Protein chains: 2
Amino acid sequence: MPKPSYSIGALAEATATKVETVRYYERIGLLPEPGRTAGNYRSYGETHLGRLSFIRRARDLGFTLDQVRTLLGLAESRDSDCCTVDAIAQDHLTDIERKIADLKALRRELRDLIGQCQKGAISECRIIGALSPR
Amino acid sequence: MPKPSYSIGALAEATATKVETVRYYERIGLLPEPGRTAGNYRSYGETHLGRLSFIRRARDLGFTLDQVRTLLGLAESRDSDCCTVDAIAQDHLTDIERKIADLKALRRELRDLIGQCQKGAISECRIIGALSPR
DNA sequence: CTTGACCCTGTAGTGACTACAGGGTGCAGA
DNA sequence: TCTGCACCCTGTAGTCACTACAGGGTCAAG
């Protein structure tokens with residue numbers, strides 16, 4: 001049987017990606033250029049599907065495209081070890097933990113502000129007051 | 001005594017803002033155009049300082065520039081009430097809470113992944129494995 | 001033979017800045 | 001007076017990760 005092939009729309013749908021995003025990944029060199037049909041349509045194979053799935057999963061986990069690029073490179077080089085991968089994931093985890101802490105601090109401040117709102121006139125608004133200097 | 005005036009650098013420093021950012025706020029109409037000196041330098045007064053402080057505080061609390069614009073408008077119109085301000089703050093709080101929940105889910109996934117790392121060869125790496133399809 | 005869904009390239013827009021390039025201004029020290 | 005330097009000016013382009021056109025071409029069904 002012949003190898004399966006996907007149009008850009010089919011590939012996009014299979015990976016919950018927009019068509020424009022697939023072309024974007026190609027443009028920035030994250031996804032290799034596929035073959036073309038007689039009518040100049042992109043024609044993708046299983047390796048493209050696998051690679052795009054990898055990219056989307058990593059993106060869903062919040063890795064940057066740069067990190068994804070590195071992870072893809074590592075996944076392909078059989079002769080390096082797992083430490084770099086682990087380091088990237090660890091760095092990312094640290095980032096996320098910092099963001100969670102920042103957002104919690106922010107939430108606390110906002111809750112305090114909102115709790116003070118008396119629904120009165122602007123001139124007595126505590127939120128505006130808290131934002132205004134002095 | 002004469003009114004105090006600030007150069008763009010002084011204003012930026014007083015509000016922990018970069019000079020380019022101050023000019024950017026002016027360009028997008030968030031900060032009114034200041035007067036100019038003989039040498040065409042921007043010359044700011046106390047109202048500019050107050051307004052920029054307001055903007056920075058709101059930004060630090062994570063409001064978008066569009067929200068800041070609305071808040072500034074409300075702060076200036078004495079005849080509206082506090083409800084709109086409260087609604088903006090509430091919306092923002094909801095956003096933040098969703099972001100915290102999303103990040104926590106992500107952290108859980110990443111922790112699971114990292115916990116499985118055996119520091120072995122790439123071919124056995126669980127992180128890469130988890131990202132790769134099937 | 002036409003309609004409509006899909007595909008193509010190329011460019012510009014988003015948010016909130018940031019970073020130049022290529023010049024002008026203002027002031028202190030030699 | 002000269003020179004250096006920090007600061008200021010405008011205008012444009014870059015960042016990240018897409019997203020949204022405009023203006024066309026392809027292809028299969030009816």
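Quick caveat, the model's predicted, so the values are computed rather than measured. In what follows, every chain begins at residue 1, and chains take the letters A, B, ... in the order their sequences are listed.
Between A:R51 and A:E76 there is a salt bridge, since at least one side-chain N of the basic residue sits less than 4.0 Å from a carboxylate O of the acidic one.
Pairs engaging residues 83-112 of chain A under the ring-ring contact (aromatic ring centres under 6.0 Å, His included) rule: A:F63-A:H92 [sequence neighbours left out].
A 4.0 Å heavy-atom criterion places the boundary nucleotides of DNA chain C facing chain A at C:dC6 to C:dT9, written 5' to 3'.
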- Task: Report the C-alpha distance between A:D95 and A:R98 in whole Å, list the side-chain angles of each, state the deciding distance to 0.1 Å, and finish with yes or no for salt bridge (Lys or Arg N to Asp or Glu O under 4.0 Å).
- Result: CA-CA 5 Å; A:D95 268 13; A:R98 197 171 22 69; 3.1 Å; yes
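Judged by distance alone, with hydrogens and angles left aside, the side-chain atoms of B:Q67 form a donor-acceptor pair with the main-chain N or O of B:T64 at under 3.5 Å.
Within residues 18-36 of chain B, the residues approached by DNA chain D to less than 4.0 Å at the level of any non-hydrogen atom are B:R23, B:R36, in residue-number order. Using a 4.0 Å cutoff on non-hydrogen atoms, the parts of residues 38-45 of chain A near DNA chain C are A:N40, A:Y41, A:R42, ordered by number.
Computed from coordinates, the A:I8 CD1 to D:dT26 P distance equals 17 Å when rounded to whole Å.
Side-chain contact between A:I88 and A:L74 is present, with at least one heavy-atom pair separated by less than 4.5 Å. Residues A:R107 and A:K104 form a side-chain contact, since some pair of their non-hydrogen atoms from C-beta on lies under 4.5 Å apart. Put simply, the side chain of B:L61 does not reach to within 4.5 Å of the side chain of B:R57, judged on heavy atoms.
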Donor-acceptor pairs are to be reported for all side-chain atoms of residues 21-28 of chain A against protein atoms at under 3.5 Å, with residues two or more places apart or in another chain.
unit_1	atom_1	unit_2	atom_2	d
A:Y25	OH	A:R56	NH1	2.9
A:E26	OE1	A:R42	NE	2.8

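Partners of B:E13 under the side-chain contact (heavy atoms from CB on, under 4.5 Å) rule, at least two apart in sequence or in another chain, do not exist in this structure.
B:T64 comes within 4.0 angstrom of sugar-phosphate atoms only, judged by non-hydrogen atoms across all strands, and of no base.
Across every non-hydrogen atom of B:L49 and B:Y6, the tightest pair is CD2-OH, 3.5 Å.
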